[in-house]
Novice: 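The structure is given below, and queries will be raised subsequently.
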Amino acid sequence: MGPLVTLAYSGGLDTSAIVPWLKDTYGARVLCYVADVGQGDRELDGVEAKAIRTGAAGCVVEDLREQFVSDFVFPTLRAGAVYSRTYLLGTGMARPLIAAGQVAAARRGGATHLAHGCTGKGNDQVRFELTFQALAPEKPYSRDRNLWHCSHEGGILEDPAVPPPADLFLLTADPTEAPDQPDEVTITFEQGTPVALDGQPTGPVELVERLNQLAGAHGVGRADVVEDRLVGMKSRGIYETPAGTVLRAAHRELEQLVLDRRTLALKDELAPRYADLVYEGRWWTSEREALDALVTVTQKRVTGTARVALFKGSASVVSRESPFSLYAGEYATFEADEVYDQADAAGFINLFGLPVRIGAQVEGRPKPLEEVA
């Protein structure tokens, strides 16, 4: 009897073809593993029966939606991680979770090998196999949609000069045809994690699903990205991330209200590193744990609400409130106040400009005007 192989299975053409290939090539028995990360009912309808028809010995379908949002999406959101300036990492976050679920299913079923159907030219084979190496260093064989996003690649999109066709999009309306009146949504955060919509406590899955519907109807969340793949070439992807776009805007504005300038700068420096980590599949590492620890410290005061206006493809924060706000109106006002002595500014400027003056003297720059006179 051949080895028992657990295959990350989607029901698509590639993984359906892999089942008989593994049987014919290796004499393997194949256990298909399907993770529900919010890709939609149509993709999962009949997937178990299809796996059996293609020759699988069994098929496991596991609902990972809440874990996906709580343990992967929201931590990445709190970190402010964005890849190639605009990509909100929907696929990059899902793959380590799917692969981890696959490893657990393999152990439960007594499988000895792991397999996936990712192309050797993309990023996903790295994401899957790094997870395999981290969680189960066994011998691996070598349109994505989930709760957070839908990505589109290939075909006509491989020419970056060609605009995406209008009928490509699944989650977002054409912004030019979106409603002529904006909608507003209020998001409540506790220590950087979204916990309520419009004042109503909302679980992570429902929160993302509702925001996808609300923001998608206004055409919010489209991104056309030419990105650098991990394996070396550039590729072009079209991404739809309605909820993520709204949450990112709200979270950033709340951070701006409650964090001091240097803490914000530190977090902004590390956010691209976190994005690279997610993109490259290095989720199950001590580096990610260390970054999470730092992020957790920065998020202690990121509690409050942000109201976001949705209109014709844009998500604009129109108000923000927090019990930890660092904004003090009595200091910021341009009107008369009793807390700020403007004469203090002269001394500050003299000290702040001291390096400039010393540098000018050392380099022999023109003398001050009073000395010239």
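Positions are given from 1 along the sequence. Keep in mind that the numbers below use all heavy atoms, side chains included, and drop hydrogens, waters and symmetry copies.
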Novice: Looking at L170, is its backbone amide N or carbonyl O close enough to the side chain of R145 to form a donor-acceptor pair, meaning the two atoms are under 3.5 Å apart?
Specialist: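 Side chain of R145 to backbone of L170: no pair is present.
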Novice: Quiz question: by atom type and distance under 3.5 Å, do the side chains of S10 and T15 form a donor-acceptor pair?
Specialist: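 Yes, T15 and S10 have a side-chain donor paired with an acceptor closer than 3.5 Å.
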Novice: I need the L147 CG to E209 CD distance, nearest 0.5 Å.
Specialist: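 Reported value, rounded in 0.5 Å steps: 5.5 Å.
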Novice: Taking Q191's backbone N and O only, do any of them form a donor-acceptor pair with K300's side chain (distance below 3.5 Å, no angle check)?
Specialist: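 No, K300 side chain to Q191 backbone: no donor-acceptor pair under 3.5 Å.
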Novice: Are V258 and V195 co-members of a hydrophobic cluster defined by side-chain heavy atoms under 4.5 Å apart?
Specialist: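 The answer is no; the residues belong to distinct hydrophobic clusters.
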Novice: Any ion pair linking R236 and E153 (charged N to carboxylate O, less than 4.0 Å)?
Specialist: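 Judged by the 4.0 Å cut-off on N to carboxylate O distance, E153 and R236 do not form a salt bridge.
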Novice: Is there a donor-acceptor pair under 3.5 Å between the side chain of R95 and the backbone N or O of D124?
Specialist: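 No, because the side chain of R95 does not come within donor-acceptor range (under 3.5 Å) of the backbone of D124.
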Novice: Is a side-chain donor or acceptor of R222 paired with a backbone partner of T172 at a separation under 3.5 angstrom?
Specialist: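 Yes.
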Novice: Please tell me if the side chains of V302 and H251 come closer than 4.5 Å, counting only heavy atoms from C-beta onward.
Specialist: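 They are in contact (side-chain heavy atoms under 4.5 Å apart), so the answer is yes.
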Novice: Heavy atoms, side chains only, cut-off 4.5 Å: are V19 and C32 in contact?
Specialist: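 Touching, per the 4.5 Å side-chain cut-off.
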Novice: Would R127 count as a cation-pi partner of Y279, with NZ or CZ less than 6.0 Å from the six-membered ring centre and within 45° of the ring normal?
Specialist: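 Ring-cation test returns yes.
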Novice: Does a side-chain heavy-atom distance below 4.5 Å link L31 with V5?
Specialist: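 No, every pair of side-chain atoms sits at 4.5 Å or beyond.
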Novice: Using a 3.5 Å distance criterion without hydrogens, assess whether the side chain of N212 forms a donor-acceptor pair with backbone atoms of T241.
Specialist: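 Pair absent, no side-chain N/O of N212 close to backbone of T241.
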Novice: May I ask you to decide if F74's main-chain N or O and T76's side chain share a donor-acceptor pair within less than 3.5 Å?
Specialist: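 Pair absent, no side-chain N/O of T76 close to backbone of F74.
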Novice: Do V246 and L257 land in one hydrophobic cluster if side-chain heavy atoms of ILVMFWY residues count as linked below 4.5 Å?
Specialist: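 As far as the 4.5 Å side-chain criterion goes, L257 and V246 are connected within one cluster.
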Novice: Would you check if L88 and V82 make a side-chain contact, meaning some heavy-atom pair closer than 4.5 Å?
Specialist: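 Heavy-atom side-chain distance check passes, below 4.5 Å.
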Novice: State whether the number of non-hydrogen atoms from other residues, nucleotides or ligands found under 6.0 Å of Q256 atom CD is greater than 12.
Specialist: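 No, the 6.0 Å shell around CD holds no more than 12 heavy atoms from other groups.
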Novice: Quick one: do E227 and N123 satisfy side chain to side chain contact (heavy atoms under 4.5 Å, CB included)? Show the steps, please.
Specialist: CA-CA 11 Å; E227 65 196 69; N123 302 305; 4.1 Å; yes
Novice: Do Q181 and H218 pass the side chain to side chain donor-acceptor pair (under 3.5 Å) test, and can you show the C-alpha distance, the side-chain angles, and the key distance before you say yes or no?
Specialist: CA-CA 9 Å; Q181 295 297 322; H218 286 274; over 6 Å; no
Novice: Any carboxylate oxygen within less than 4.0 angstrom of a Lys/Arg side-chain nitrogen, looking at D260 and R262?
Specialist: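 Here D260 does not pair with R262 in a salt bridge, since their nearest N and O are not under 4.0 Å apart.
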Novice: Do L291 and L266 share a hydrophobic cluster, counting only Ile, Leu, Val, Met, Phe, Trp and Tyr and linking them when any side-chain heavy atoms are less than 4.5 Å apart?
Specialist: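 Per the 4.5 Å side-chain linkage, L291 and L266 are co-clustered.
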Novice: Using only heavy-atom distances, determine whether the side chains of Y274 and D292 contain a donor-acceptor pair under 3.5 Å.
Specialist: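 Note: Y274 and D292 side chains meet the donor-acceptor criterion.
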Novice: More than 12 non-hydrogen atoms from neighbouring residues, nucleotides or ligands closer than 6.0 Å to CD on E321, yes or no?
Specialist: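 12 or below, so no.
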Novice: If you round to the nearest 0.5 Å, how far is CD of Q102 from OG1 of T6?
Specialist: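 Here the interatomic distance stands at 6.5 Å.
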Novice: Has K23 got a side-chain atom pairing as donor or acceptor with A28's backbone, closer than 3.5 angstrom?
Specialist: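 Flag not set: sc K23 to bb A28 has no pair under 3.5 Å.
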Novice: Do T305 and R320 come within less than 4.5 Å of each other through their side chains, counting heavy atoms only?
Specialist: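 Sidechains of R320 and T305: no contact.
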Novice: Hey, are the side chains of I187 and L197 touching, using non-hydrogen atoms and a 4.5 Å cut-off?
Specialist: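 Yes - at least one pair of side-chain heavy atoms lies under 4.5 Å apart.
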Novice: Kindly assign one of parallel, tilted or perpendicular to the pair F348 and F352, based on the angle between their ring planes and the thresholds 30° and 60°.
Specialist: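 The rings of F348 and F352 lie parallel, inter-plane angle below 30°.
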Novice: Look at atom CG of L354 and say whether more than 12 heavy atoms of other residues, nucleotides or ligands are closer to it than 6.0 Å.
Specialist: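 Atom CG in L354 is packed in, count exceeds 12.
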Novice: So which heavy atom on R78 is nearest to which on T193, and how close?
Specialist: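 Minimum heavy-atom contact is CD-OG1, 3.4 Å.
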Novice: Kindly give the heavy-atom pair with the smallest separation between T91 and S151, and that separation in Å.
Specialist: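 In terms of heavy atoms, the two residues are closest at OG1-OG, 3.8 Å.
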Novice: Regarding D276 and R282, does a basic nitrogen lie under 4.0 Å from an acidic carboxylate oxygen?
Specialist: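 R282 and D276: not salt-bridged.
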Novice: Short question: side chain of T298, backbone of V295 - any donor-acceptor pair under 3.5 Å?
Specialist: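 Yes: the side chain of T298 pairs with the backbone of V295.
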Novice: For G38 and R65, which heavy atoms make the closest approach, and how far apart are they?
Specialist: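 G38 and R65 have their closest heavy atoms at N-CG, 3.5 Å.
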Novice: Please check this pair: side chain of S314 against backbone of F311, looking for a donor-acceptor N/O pair closer than 3.5 Å.
Specialist: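 Confirmed, S314 side chain pairs with F311 backbone.
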Novice: Is atom CZ of R301 surrounded by more than 12 heavy atoms (other residues, nucleotides or ligands) closer than 6.0 Å?
Specialist: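 Open: at most 12 neighbouring heavy atoms sit under 6.0 Å from CZ of R301.
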Novice: Could you walk me through whether H152 and E240 satisfy the side chain to side chain donor-acceptor pair (under 3.5 Å) test, starting with their C-alpha distance in whole Å, then the side-chain angles of each, then the deciding distance to 0.1 Å, before giving a yes or no?
Specialist: CA-CA 9 Å; H152 313 267; E240 300 176 86; 2.8 Å; yes
Novice: Is the closest side-chain heavy-atom distance between L157 and V162 below 4.5 Å?
Specialist: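 No. Closest side-chain heavy atoms not under 4.5 Å.
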Novice: Is the Y239 ring parallel, tilted or perpendicular to the H149 ring (thresholds 30°, 60°)?
Specialist: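 Judged by the thresholds at 30° and 60°, the geometry between Y239 and H149 is parallel.
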Novice: Tell me whether V103 is reachable from I98 by hopping between hydrophobic residues (I, L, V, M, F, W, Y) whose side-chain heavy atoms are closer than 4.5 Å.
Specialist: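 They do share one cluster, since a chain of ILVMFWY contacts under 4.5 Å joins I98 to V103.
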Novice: Which heavy-atom pair separates A178 from A217 by the least distance, and what is that distance?
Specialist: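 Result for this residue pair: CB-O, 3.8 Å.
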Novice: If you take all heavy atoms of A271 and G80, which pair is closest and at what distance?
Specialist: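 Scanning both residues completely, I find the closest heavy atoms to be CB-O, 3.4 Å.
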Novice: Does CZ belonging to R273 count more than 12 external heavy atoms closer than 6.0 Å?
Specialist: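 At most 12 heavy atoms, drawn from other residues, nucleotides or ligands, come within 6.0 Å of this atom.
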Novice: Taking everything shown except K312 itself, do over 12 heavy atoms lie less than 6.0 Å from its NZ?
Specialist: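 Count over threshold, so yes.
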Novice: Could you check if a side-chain atom of W284 sits within less than 4.5 angstrom of a side-chain atom of Q133, using non-hydrogen atoms only?
Specialist: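 SC-SC contact between W284 and Q133 ruled out.
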Novice: So does L310 get a backbone contact from the side chain of E184, meaning a donor-acceptor N/O pair under 3.5 Å?
Specialist: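 No, E184 side chain to L310 backbone: no donor-acceptor pair under 3.5 Å.
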Novice: Quick check on the 6.0 Å ring-centre criterion: do Y9 and Y33 meet it?
Specialist: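 No - the distance between ring centres of Y9 and Y33 does not fall below the 6.0 Å cut-off.
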Novice: Over all heavy atoms of both residues, which pair between T303 and S322 is shortest? Give the atoms and the distance, please.
Specialist: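 In this case the closest contact between T303 and S322 is O-OG, 2.5 Å.
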Novice: Do the charged groups of D198 and R307 touch, with an N to O distance under 4.0 Å?
Specialist: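 Salt bridge between D198 and R307, a charged N being under 4.0 Å from a carboxylate O: no.
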Novice: Transitively linked via ILVMFWY side-chain contacts under 4.5 Å: V226 with V231?
Specialist: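 Hydrophobic grouping puts V226 apart from V231.
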Novice: If you measure only the distance, is there a donor-acceptor pair under 3.5 Å linking the side chains of E129 and H116?
Specialist: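 H116 and E129 do have a side-chain donor-acceptor pair below 3.5 Å.
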Novice: Ring centroid separation for W148 and F72, is it under 6.0 angstrom?
Specialist: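 Aromatic pair excluded; centres sit 6.0 Å or further apart.
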